[in-house]
Amino acid sequence: MLMKKVVVIGGGAAGMSAASRVKKLKPEWDVKVFEATEWVSHAPCGVPYVVEGISPKEKLMHYPPEFFIKKRGIDLHLNAEVIEVEQGSVRVREKDGEHTYEWDYLVFANGASPQIPNIEGIDLKGVFTADLPPDAVAIREYMEKNDVRDVVVIGTGYIALEMAEAFVVQGRNITLIGRSERVLRKTFDKEITNIVETKLREHLNLRLNESTLRIEGKDKVEKVITDGGEYKADLVIIATGIKPNTELAEQLGVKIGETGAIWTNDRMQTSVENVYAAGDVAETKHLITGKRVWIPLAPPGNKMGYVAGSNIAGVEISFPGVLGTSITKFMDLEIGKTGLTEGEALKESYDVKTAFIEARTKPHYYPGAKKIWLKAVADKETGRLLGLQAAGAEILPRIDAFAVALQAGFTTKDLFLADLAYAPPFAPVWDPLIVLARVLKF
């Protein structure tokens, strides 16, 4: 077979997965990856932990660039920004000028960017986003050069909470500001967010229902003004959401889906022949509702890249979709979910039954038991499971087990009868997940 030229835009998780997969299946093909930063196979999810100081910045690359170049034979270009995409070619701005490269297959894996609110003072020194590894480096350097005591975090999503924690553990004074009436409003029901807010208030100044009007300071940030007050700030983190980077795809006339991300089918093909998309720039479908969704998370991003690379190289594989399974923590409170919340299920016109329980992670006679709160949502008529939300301790095994149950189409009865492991050091004989299923069914 003739050698083909594959161009991948973006060297993050999805891009490197796609490139690596093509190279494994078609070692003789020319696979080029263009990454705008000097970071490759990077882990944006690790940014708060570098800021916190528990992980060196170098570790945010899963593999160093040399690994992909030498071991996998990928023609990797760092600090290479794709500025124009045409049928069969891309124009790239690199250190030594602009170059044009040809392609037979193209993969958009150029991720998402922070949504920056249109407020005065956003460009002041000391105001940061926390989206990519370079942000973590810039924040650490700023903290080393400036006396940072008061930090304001604007936003109430996962990144906002993780960044707030990063500063709390370093002994800074934190104010967390959100426009909405509760934190994590888009991803969790009120029973869970109440628990999270109680925890947040133990460690920081939580300001909800407040809109940020402007950021003020002379040479650098000094305070944040909202419609509810003003807050001293030596450093500000903007964590008000992200948007997919679709501009290059639009140049090529690729269809943008109803979510605002690139439309793809289950092989990660776009509407343009031989053009694929994967990761945070691409939309997919929800495994329960079957509707188009854009849920930018690392595990599906990696798998989308793998699926795109496989199909380009002629090995057919489908990406089934996502459940939005995710987990985070604030201090010692773990927070996670999979599938639909009650709010989301009602919006999709499901007739739902819900259960919310507080349980312990171990039997009463075994030391170290901690609290766990679980909320499940099921279809009232069929008993089919629709979603789980959790807070507390040791939630990961429950979230993961429930995610697999959702993907398998389990009912509450199936979950109740699931053969889960038990021993006193690990779980009570009635695992919280089984108790939840029992409350939901009976």
Would you call [X] and [Y] a salt bridge, using N to O less than 4.0 angstrom?
X: Asp30; Y: Lys32; result: yes
X: Lys291; Y: Glu348; result: yes
X: Arg140; Y: Glu52; result: no
X: Glu394; Y: Lys370; result: no
X: Glu202; Y: Lys199; result: yes
X: Glu258; Y: Arg292; result: no
X: Lys220; Y: Asp234; result: no

Atom pair [atom1] ([X]) and [atom2] ([Y]), whose distance is rounded to the nearest 0.5 Å:
X: Trp29; Y: Asp104; atom1: CH2; atom2: CG; value: 8.0 Å
X: Met268; Y: Ile317; atom1: CE; atom2: CD1; value: 11.5 Å
X: Ser310; Y: Lys303; atom1: OG; atom2: NZ; value: 13.5 Å
X: Leu206; Y: Glu197; atom1: CG; atom2: CD; value: 6.0 Å
X: Ile242; Y: Ile116; atom1: CD1; atom2: CD1; value: 11.5 Å
X: Leu436; Y: Leu415; atom1: CG; atom2: CG; value: 7.5 Å

Is a side-chain donor or acceptor of [X] paired with a backbone partner of [Y] at a separation under 3.5 angstrom?
X: Trp294; Y: Asp280; result: yes
X: Asp414; Y: Ala405; result: no
X: Glu35; Y: Gly11; result: yes
X: Thr212; Y: Arg214; result: no
X: Ser41; Y: Ala13; result: no
X: Thr382; Y: Arg384; result: yes
X: Trp103; Y: Glu86; result: yes
X: Arg72; Y: Ala19; result: no
X: Ser318; Y: Pro320; result: no
X: Lys329; Y: Met331; result: yes

- Query: Is there a side chain to side chain contact (heavy atoms under 4.5 Å, CB included) between Val85 and Leu106 once you walk through the steps?
  - Reply: CA-CA 10 Å; Val85 178; Leu106 179 66; 3.6 Å; yes
Where do [X] and [Y] come nearest, in terms of heavy atoms and distance?
X: Ala109; Y: Val8; result: CB-CG1, 4.4 Å
X: Gly157; Y: Leu184; result: C-CD2, 3.8 Å
X: Leu440; Y: Ala378; result: CD2-CB, 3.8 Å
X: Trp373; Y: Ile192; result: O-CD1, 4.4 Å
X: Gly290; Y: Lys285; result: O-CB, 4.0 Å
X: Ala130; Y: Ile237; result: CB-CG2, 4.4 Å

- Query: Can you list the steps and then say if Tyr105 with Lys5 is a side chain to side chain contact (heavy atoms under 4.5 Å, CB included)?
  - Reply: CA-CA 6 Å; Tyr105 292 97; Lys5 292 178 176 173; over 6 Å; no
- Query: When you look at Arg398 and Asp431, which way does the salt bridge (Lys or Arg N to Asp or Glu O under 4.0 Å) test go after all the steps?
  - Reply: CA-CA 9 Å; Arg398 279 91 196 184; Asp431 188 273; 2.8 Å; yes
Count the heavy atoms belonging to other residues, nucleotides or ligands that lie under 6.0 Å from [atom1] of [X], then report whether that count exceeds 12.
X: Gln170; atom1: CD; value: yes
X: Asp96; atom1: CG; value: yes
X: Tyr422; atom1: OH; value: yes
X: Glu247; atom1: CD; value: yes

- Query: Going through the distances and angles, do Tyr276 and Thr264 end up as a side chain to side chain donor-acceptor pair (under 3.5 Å)?
  - Reply: CA-CA 8 Å; Tyr276 292 72; Thr264 60; over 6 Å; no
- With a 4.5 Å heavy-atom cut-off, do Thr328 and Glu162 have their side chains touching?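 Contact flag for Thr328/Glu162 side chains = yes.
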- Can you tell if the side chain of Thr156 reaches within under 4.5 Å of the side chain of Arg182, non-hydrogen atoms only?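 With C-beta onward as the side chain, the pair stays apart.
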- Task: Measure centre to centre between the rings of Tyr306 and Phe319, then say whether the value is under 6.0 Å.
- Result: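 No, they do not, as the ring centres are separated by 6.0 Å or more.
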- Message: Less than 6.0 angstrom separating the ring centers of Phe128 and Tyr142, yes or no?
- Response: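 Between Phe128 and Tyr142, the centre distance is under 6.0 Å.
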- Looking at Trp263, does the NZ or CZ of Lys255 lie under 6.0 angstrom from its six-membered ring centre and within 45 degrees of the ring axis?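 Output yes; distance and angle both within limits.
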- Any donor-acceptor N or O pair under 3.5 Å, side chains Asp189, Gln389: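 Looking only at side-chain atoms, Gln389 and Asp189 do form a donor-acceptor pair, the distance falling under 3.5 Å.
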- Are Asn110 and Asn245 linked by a side-chain donor-acceptor pair shorter than 3.5 Å?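 There is no such pair (donor and acceptor under 3.5 Å, judged by atom type) between the side chains of Asn110 and Asn245.
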- Query: Only one of Glu98, Glu81, Glu102 forms a salt bridge (charged side-chain N to carboxylate O under 4.0 Å, His left out) with Arg91, so which one is it?
  - Reply: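 When Glu98, Glu81, Glu102 are each tested with Arg91, the salt bridge (charged side-chain N to carboxylate O under 4.0 Å, His left out) holds only for Glu98.
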- Query: Given the rule in the side chain to side chain contact (heavy atoms under 4.5 Å, CB included) test, do Leu433 and Phe402 qualify, once you have shown the distances and angles that lead to the verdict?
  - Reply: CA-CA 8 Å; Leu433 215 50; Phe402 206 99; 4.0 Å; yes
- Tell me, with the steps shown, if Glu120 and Ile215 meet side chain to side chain contact (heavy atoms under 4.5 Å, CB included). CA-CA 6 Å; Glu120 194 185 322; Ile215 300 169; over 6 Å; no
- Walk me through it: do Tyr101 and Phe34 pass the test ring pair (Phe, Tyr, Trp, His ring centres under 6.0 Å)? CA-CA 11 Å; Tyr101 300 92; Phe34 299 104; 4.8 Å; yes
